[in-house]
Undergrad: 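Quick one: this structure, given as structure tokens, is what I'll be asking you about.
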Amino acid sequence: MAGISKTSIARKVAMALSGLFLVLFLAQHFTINFTSVVSPSTFNEISHFMGTNFVVQAILQPILIAGVVFHFVMGFVLEIRNSKARKIKYNKYNGAANSTWMSRNMIISGIVVLAFLGLHFYDFWIPELVHKYVESHPDDPTRYYDETIAKFAGDPIRTGLYALSFIFLMLHLLHGFASSFQSLGTKNKYQEGLGGYKSGTSRFIRKFTTAFAVVIPMGFVFIALYHYFNNL
């Protein structure tokens, strides 16, 4: 961490790589969760595999947690350093004239997402650890769907918090996902005037990242609302 934080380019590349890693996890997590809408039995099967597989639990899960911590720590480091740089280099800085709301407020959307992760761990990860290692319940491969539904059924506040958090995640991704490719060297410059990008690759990346940033978070919102209204 100390070595990475010494140069601006290294910090941005590290931030981009950790962000792309978390995007892959987000896509995988959404795919699993969406099966709870279309096939409870499939959701139970996949969840049971993820919850009992040694590689997932002992290797991939710690890597994921480390990736989350690293990404948010680097985000705060970059925000602090960028803020200091703006104060030194510019007497007058009009961020609104040169950037979008999402790019200027990544730290805000990131804090909301981090708070949501705390809620998500409290709702699912900690109870899972208690269930398996503290209370030592017998293995039940059919429990996951009912446990998930119980978090949303009859609880509009929790459902609303989940929906709001994913809206902020969408705002975070709308800038962050595309910026990750730019930090890794992909050109991402506007043509003169409004709209298009110079290269076909840049246009594809912008369209893909924008679609992902909208569809996946809104898909999570749909899942939460579906389980809430379907269990009134």
Undergrad: Is there a path of hydrophobic side-chain contacts, each under 4.5 Å between heavy atoms of I, L, V, M, F, W or Y residues, that connects F49 with Y145?
TA: yes
Undergrad: For the rings on F166 and F116, is their centre-to-centre separation under 6.0 Å?
TA: yes
Undergrad: I'd like to know whether F152 forms a side chain to side chain contact (heavy atoms under 4.5 Å, CB included) with L225, so could you lay out the CA-CA distance, the side-chain angles of the two residues, the decisive distance to 0.1 Å, and finally the verdict.
TA: CA-CA 8 Å; F152 300 103; L225 294 177; over 6 Å; no
Undergrad: What's the separation between atom CD in E45 and atom OG1 in T42, rounded to the nearest 0.5 Å?
TA: 5.5 Å
Undergrad: Mind checking whether F76 and F72 have ring centres under 6.0 Å apart?
TA: no
Undergrad: I'd like to know if the side chain of T31 and the backbone of A27 have a donor-acceptor N/O pair within less than 3.5 Å.
TA: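 Answer holds: yes.
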Undergrad: Side chains of R143 and H131: is there a donor and an acceptor less than 3.5 Å apart?
TA: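 Present: a donor and an acceptor within the cut-off.
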Undergrad: Looking at D123 and R158, is any side-chain nitrogen of the basic one under 4.0 Å from a carboxylate oxygen of the acidic one?
TA: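 Here R158 pairs with D123 in a salt bridge, since their nearest N and O are under 4.0 Å apart.
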Undergrad: Just say parallel, tilted or perpendicular for the rings of F204 and F208, cut-offs at 30° and 60°.
TA: parallel
Undergrad: Give a yes or no on whether the ring-centroid distance for F212 and F177 is below 6.0 angstrom.
TA: yes
Undergrad: Looking at I9, I want to see if its CD1 is surrounded by more than 12 non-hydrogen atoms of other residues, nucleotides or ligands under 6.0 Å.
TA: no
Undergrad: Regarding H227 and S36, do their side chains bring together a donor and an acceptor under 3.5 Å, going by distance alone?
TA: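 A pair is found: one side chain offers a donor N or O, the other an acceptor, under 3.5 Å apart.
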Undergrad: Between Q57 and M50 (side chain of the first, backbone of the second, donor and acceptor by atom type, cut-off under 3.5 Å), is there such a pair?
TA: yes
Undergrad: Can you check side chain to side chain contact (heavy atoms under 4.5 Å, CB included) on L174 and V214, steps first, answer last?
TA: CA-CA 8 Å; L174 279 170; V214 173; 4.1 Å; yes
Undergrad: I need the minimum non-hydrogen distance between H172 and S109, along with the two atoms involved.
TA: ND1-OG, 2.8 Å
Undergrad: Could you check whether atom CD1 of I157 has more than 12 heavy atoms from other residues, nucleotides or ligands sitting under 6.0 Å from it?
TA: no
Undergrad: Report yes or no: do F25 and V215 belong to one cluster of Ile/Leu/Val/Met/Phe/Trp/Tyr joined by side chain heavy-atom distances under 4.5 Å?
TA: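 No; V215 is not reachable from F25 via cluster members.
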Undergrad: Please check if the number of heavy atoms outside K132 that lie under 6.0 Å from its NZ is greater than 12.
TA: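 Result for NZ/K132: enclosed.
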Undergrad: So how far is it from N231 CG to K151 NZ, rounded to the nearest 0.5 Å?
TA: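 Between atom CG of N231 and atom NZ of K151 there are 14.5 Å.
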